[in-house]
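Within every chain, numbering begins at 1; the chains are lettered A, B, ... in the order of the sequence lines, protein sequences first and strands thereafter. Heavy atoms only: backbone and side chains are in, while hydrogens, waters and symmetry mates are out.
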Protein chains: 2
Amino acid sequence: MSDERAPRADARRNRARVLEVAAEVFATEGLSVPVHEIARRAGVGTGTVSRHFPTKEDLLIAIMSTRLVKLTAEADELARHEDPATAFFALFTSLVRAGAADCGLAELAGTDRRLDAIGERAGADLCGRLHELLAAAQKSGDVRADVGYADIRALMSACMARKEDPLEPILAVVTDGLRKRS
Amino acid sequence: MSDERAPRADARRNRARVLEVAAEVFATEGLSVPVHEIARRAGVGTGTVSRHFPTKEDLLIAIMSTRLVKLTAEADELARHEDPATAFFALFTSLVRAGAADCGLAELAGTDRRLDAIGERAGADLCGRLHELLAAAQKSGDVRADVGYADIRALMSACMARKEDPLEPILAVVTDGLRKRS
DNA sequence: CTAGAATCGGGACGGGCGTCCCGGTTGCTC
DNA sequence: GAGCAACCGGGACGCCCGTCCCGATTCTAG
């Protein structure tokens, strides 16, 4: 199978350093930071970055996939142990907090298609889980039946955008609004 | 005073045509459309565009200012004739509808600073009106006291992002959520 | 109708970004 | 410790965009 020998030590070091720096930079400054800048801050050349990650998208996927897998696992956990509405709102809140803490993730969640594409490559269909939990929570009558998945995505993105201000008020507005009037 | 003679007829025609085309393109495809493309669709050279509007921002201002003035007038009207909560929600809804119908306006509303800057140049402090109406509606006890202006902006932007789907559900979620629990 | 000024068209320019490549260097194996 | 392959650095390239400029054109006053 693997007729490829292990990569050189310095190559592994550089790869890890690039990942580390890129994760921090994307989180604090967003996805629009140039690759050159990431290379500079990591103390390597741009060639080193683009060899390990041929494309900026590849770099992004490498950073996000582990996180997406973790969040998906959390979604499954919630779906198993909680009733639909509790699970849905817990996942929603969890995603919002993750996005609020990571500028890059928030941007990803904002542009509908991108997050799904990356999740698919990582084998973690987080969006699908959210979709299912929404449907279940609507079926059980706890969430308004007229909102669509796209509405949820938009609201989630709006909550994530609150970077500095406290999240609680806007989260309360949205979750209250989503609950079916009794 | 005006020692400048009237502009040539073809110049006025071209200016109007550029404005018209740009308004449509910005509305349907967003602000990221290149100036070259606007010139092409208007059937003029790029130089013609950049002479009438030295900067892309100038073009944007020319398009948006009249709309902002109108919306601001509407806000004042509401503030005069309605109670605070009614006025606030009416303005909120009106802005959302305007943004949903115009991709460019939605983008503008999404990036906090930009809309304010353009409004200021147009002498139409729409954001200030929204801010005041929010404060009044909170003071009268009809809107949750813990939400901030930034939260409103984020929620507004999220609602505007719903382009094709019906607006009513998400608007209902947000407005219900904003109302103080009785 | 004509001259001259206003205006036009679109190519040139500068800046930014992602990606690729190559000469030089470094780590690994024997 | 020597030689080779893997790897590095960063400059080069191509692309896109906004803005500026200039030779060619068109309008309009007289």
Side-chain angles (χ1 to χ4, degrees), chain A residues 2-23 25-26 28-64 103-104 107-108 111 114 117-118 121, chain B residues 2-23 25-26 28-64 103-104 107-108 111 114 117-118 121:
Chain A
S2 79
D3 47 356
E4 303 155 7
R5 65 178 72 182
R8 252 166 55 175
D10 56 339
R12 265 184 293 127
R13 258 202 313 275
N14 278 331
R15 189 180 197 281
R17 173 129 188 81
V18 168
L19 267 180
E20 180 188 350
V21 169
V25 171
F26 282 156
T28 58
E29 305 183 26
L31 304 181
S32 66
V33 177
V35 173
H36 287 86
E37 178 64 17
I38 293 172
R40 200 185 61 78
R41 296 203 201 180
V44 303
T46 61
T48 301
V49 175
S50 79
R51 194 167 339 96
H52 289 300
F53 310 98
T55 275
K56 192 176 185 179
E57 191 78 6
D58 293 326
L59 178 56
L60 191 61
I61 291 172
I63 291 172
M64 292 297 175
C103 204
E107 277 181 48
L108 232 48
T111 62
R114 203 111 169 262
I118 292 184
R121 282 221 228 177
Chain B
S2 78
D3 47 358
E4 304 153 8
R5 66 176 75 179
R8 249 164 57 176
D10 57 339
R12 266 184 292 128
R13 259 201 314 274
N14 279 330
R15 188 179 197 279
R17 173 130 188 80
V18 168
L19 267 179
E20 180 188 351
V21 169
V25 171
F26 282 156
T28 57
E29 305 183 27
L31 304 181
S32 66
V33 177
V35 173
H36 287 86
E37 178 64 16
I38 293 172
R40 200 186 60 78
R41 296 204 201 180
V44 302
T46 61
T48 301
V49 175
S50 78
R51 194 169 337 98
H52 288 300
F53 310 98
T55 276
K56 193 177 185 179
E57 190 77 8
D58 292 328
L59 178 55
L60 190 61
I61 291 173
I63 291 171
M64 293 297 175
C103 204
E107 277 182 45
L108 232 49
T111 62
R114 204 112 167 263
I118 292 184
R121 282 222 228 176

>> Once side chain to side chain donor-acceptor pair (under 3.5 Å) is applied, what residue pairs with a partner in residues 10-20 of chain B remain, sequence neighbours excluded?
In response: B/Arg8-B/Asp10
> So, do A/Leu19 and A/His52 sit near enough that their side-chain heavy atoms are less than 4.5 Å apart?
Replying inline: no
Distance check needed: [N] [atom2] versus [X] [atom1], whole Å only.
X       : N      : atom1 : atom2 : result
B/Leu60 : D/dT19 : CG    : P     : 12 Å
B/His52 : D/dT19 : NE2   : P     : 16 Å
A/Arg41 : D/dG10 : CZ    : P     : 17 Å
A/Lys56 : D/dC15 : NZ    : P     : 19 Å
B/Leu59 : D/dC17 : CG    : P     : 16 Å

> Looking at five pairs on each end of the helix from C/dC1-D/dG30 to C/dC30-D/dG1, what is the angle between the two axes, given to 10 degrees?
Replying inline: 0°
> Among all residues two or more places apart in sequence or in another chain, which pass the salt bridge (Lys or Arg N to Asp or Glu O under 4.0 Å) test with B/Arg121?
Replying inline: B/Asp58
Sub-3.5 Å pairs of nitrogen or oxygen atoms, protein against nucleotides 27-30 of chain D:
from	atom 1	to	atom 2	distance (Å)
D/dT28	OP1	B/Ala9	N	3.2

>> According to salt bridge (Lys or Arg N to Asp or Glu O under 4.0 Å), does anything in residues 31-40 of chain A pair up with another residue at least two apart or in another chain? List the pairs.
In response: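 Qualifying pairs: A/Glu37-A/Arg40, A/Glu37-A/Arg41.
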Could you go over nucleotides 9-11 of chain C and give all protein N or O partners under 3.5 Å, atom names and distances?
from	atom 1	to	atom 2	distance (Å)
C/dG9	OP2	B/Gly45	N	2.9
C/dG9	OP2	B/Thr48	OG1	2.7
C/dG10	N7	B/Thr46	N	3.3
C/dG10	N7	B/Thr46	OG1	3.1
C/dG10	N7	B/Gly47	N	3.2
C/dG10	O6	B/Gly47	N	3.0
C/dG11	O6	B/Thr46	OG1	3.0

> How long is the gap from CD on B/Glu107 to CD on B/Glu29, to the nearest 0.5 Å?
Replying inline: 11.0 Å
> Under the 3.5 angstrom rule, does the side chain of B/Lys56 hit a backbone N or O of B/Leu31 as a donor-acceptor pair?
Replying inline: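 Flag set: sc B/Lys56 to bb B/Leu31 pair under 3.5 Å.
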